[in-house]
Amino acid sequence: MSLPRQLRDESDFDQLPHDIPISVTIADIEEKKGFIDYFRFVIEVKTKGGSKYLIYRRYREFFNLHQELESKYSPETPNKLGPNTCILPSLPGKIFMGNKQEIAESRIPELNTYMKRLLGLPTWFLLDDALRIFFYQTAQDSQHRPRALRRLRPPTRKVKSTAVKPKTDLFSSPRAEAMFDFSGSGKLELSLKTGEVIFLLSRVNADWLEGTVNNQTGIFPESFVKIIKPLPESDTEREGGVASAAGSYSCLRCYLLTPSGVDTRDVCVEEDITTQPSYKDLLSRMRHVFKVDDIALNYRDPEGDLIRILDNEDVQLMIRESRGQRRGVKRPVNQYLWELHVTMVSDLSVYNTDI
């Protein structure tokens, strides 16, 4: 008799593996500033074996899990359960309009209830591969450091501190002065005004720095500022010219090709260098960067010709071809090997149509 069938017949919880999740709670939400900006849920998972860890999941991942479980276990007739079926809890529906943070916050109680009921289904259900993978702590999960975990904090009473806070000399810190106005494109980039003093945090790559000004933190191009006091040597130099703190950022070189010339941008995103974005996310990001809607995405093939990108398979092909194309090109370790060439949808003159 198979293990799932044996568990179903005997309802023997003790036979479950020790890594099976038995309790989950959303500890917080965090904003991820990648190719598109979104919020993800920080989830504390407790297993049957007593271990405890954090995972990070988007609503999209909840939705995909629910669809897969429905296809496997939902009965054709709700009132007529089969031997391998069960009634799944309801997942809160998609919301297409509104403030992303408010939407994520409002979903926390509903998703907590959903996960609790999911893990309360028959014992054999907990062995489902999709369910176990969803609650499994990936290497990326384990390496991420949570920011707040507001919902796991114990209640505390505010006590007035009598300790004297040491004075800090801000002007002994690494800093720069803005020489020109810079308008950041997206939440990741820091907007600057001429004359402002920016306190430096780290170097992202050879051209970009991370800093803070007016209680805002973000990245900005070094060419717009004059360095007053540089970052310590250990923060500015590393193999490939990238700072240790820059591991959370990856940079993408992109070009807007127009009849009047080429507009070159380095777009930095809070994504791992191995991340493969979707076509939809790339198109949305480029529209935001260049402030133009009617655009097409392209890449250059090994012969140097522009190839239009139409779907996720084309994105995958671009990334695969870039690995062999640019091995000899020296670049920062956190810069994508592939580059995007953005054109107007109606401009077909950029393509090599010679037969």
Side-chain angles (χ1 to χ4, degrees), residues 32-38 58-61 63-64 67 94 96-97 100 183-189 204-208 219 221 240 249-355:
K32 182 74 183 293
K33 300 172 183 177
F35 287 99
I36 60 169
D37 298 339
Y38 59 87
R58 297 179 64 177
Y59 172 80
R60 178 192 293 178
E61 292 168 284
F63 186 82
N64 292 341
Q67 282 196 316
K94 289 185 175 181
F96 297 97
M97 300 290 289
K100 291 181 180 180
S183 180
S185 60
K187 295 180 181 179
L188 200 62
E189 296 180 6
V204 178
N205 63 15
D207 303 312
W208 287 73
I219 61 175
Y249 296 109
S250 298
C251 295
L252 169 64
R253 176 67 56 88
C254 49
Y255 308 90
L256 176 64
L257 311 181
T258 65
S260 58
V262 179
D263 183 0
T264 304
R265 301 282 182 92
D266 281 321
V267 178
C268 292
V269 293
E270 197 177 349
E271 297 279 7
D272 186 81
I273 195 71
T274 59
T275 299
Q276 179 178 313
S278 69
Y279 168 73
K280 182 179 177 182
D281 289 351
L282 279 178
L283 184 61
S284 174
R285 184 70 177 184
M286 291 301 103
R287 282 172 173 165
H288 179 76
V289 168
F290 292 112
K291 311 299 182 190
V292 184
D293 289 330
D294 196 22
I295 58 173
L297 304 184
N298 309 269
Y299 71 95
R300 292 201 181 276
D301 67 9
E303 285 73 42
D305 295 327
L306 281 184
I307 306 296
R308 182 169 287 194
I309 301 170
L310 300 174
D311 52 30
N312 289 336
E313 288 187 6
D314 289 341
V315 173
Q316 190 174 359
L317 179 62
M318 170 185 69
I319 294 173
R320 190 164 60 244
E321 288 193 359
S322 70
R323 289 173 188 151
Q325 247 180 291
R326 301 184 171 275
R327 280 179 184 164
V329 179
K330 189 176 180 181
R331 62 180 64 244
V333 294
N334 66 333
Q335 185 171 328
Y336 288 101
L337 295 176
W338 45 277
E339 297 176 342
L340 280 181
H341 297 261
V342 180
T343 60
M344 306 308 295
V345 170
S346 58
D347 185 7
L348 302 180
S349 64
V350 297
Y351 302 107
N352 182 2
T353 55
D354 296 338
I355 301 176

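Count residues from 1 along the sequence.
- Closest approach of Y279 and I309 over heavy atoms only: CE1-O, 3.3 Å.
- No donor-acceptor pair closer than 3.5 Å links the side chain of Q67 to the backbone N or O of N64.
- Between H288 atom NE2 and L283 atom CG the span is 13.5 Å, to the nearest 0.5 Å.
- Contact of the V269 side chain with the Y336 side chain is registered, since non-hydrogen atoms from C-beta on lie closer than 4.5 Å.
- Shown here for D294 and M344, the closest heavy-atom pair between the two residues is O-CE, 3.3 Å.
- For the 3.5 Å distance criterion, the side chains of Y351 and N298 qualify, holding a donor opposite an acceptor.
- Counting only distance, with no hydrogens or angles, the side chain of S250 and the backbone of E271 share a donor-acceptor pair below 3.5 Å.
- Note on ring orientation: taking the six-membered ring where Trp is involved, the planes of Y255 and H341 are parallel (angle under 30°, cut-offs 30° and 60°).
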R58 vs F63, side chain to side chain contact (heavy atoms under 4.5 Å, CB included): CA-CA, chis, key distance, verdict: CA-CA 9 Å; R58 297 179 64 177; F63 186 82; over 6 Å; no
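- Between E321 and R300, none of the side-chain N atoms (NZ, or NE/NH1/NH2) sits under 4.0 Å from a carboxylate O, so this pair counts as no salt bridge.
- With R285 contributing its side chain and I36 its backbone, the two residues share no donor-acceptor pair below 3.5 Å.
- Rounded to the nearest 0.5 Å, atoms CG (L252) and OG1 (T275) are 12.0 Å apart.
- Residues M318 and I307 fail the side-chain proximity criterion, which asks for heavy atoms closer than 4.5 Å.
- One N or O on the side chain of R308 and one on the backbone of V345 form a donor-acceptor pair closer than 3.5 Å.
- Residues T343 and L348 are not in side-chain contact: their nearest non-hydrogen atoms beyond the backbone lie 4.5 Å or more apart.
- Between the side chain of K100 and the main chain of D37, a donor-acceptor pair closer than 3.5 Å is present.
- Shown here for V315 and P277, the closest heavy-atom pair between the two residues is CG1-O, 3.5 Å.
- Among V289, T264, V342, L340, the single residue meeting the side chain to side chain contact (heavy atoms under 4.5 Å, CB included) criterion with L256 is V342.
- D314 places a side-chain N or O within donor-acceptor distance of the main-chain N or O of L310, the cut-off being under 3.5 Å.
- Between F290 and C254, the closest side-chain pair of non-hydrogen atoms falls below 4.5 Å.
- Taken from OG in S278 to CG in D311, the straight-line distance is 11.0 Å, to the nearest 0.5 Å.
- In this structure, CG in L282 is found 12.0 Å from CZ in R287, a value given to the nearest 0.5 Å.
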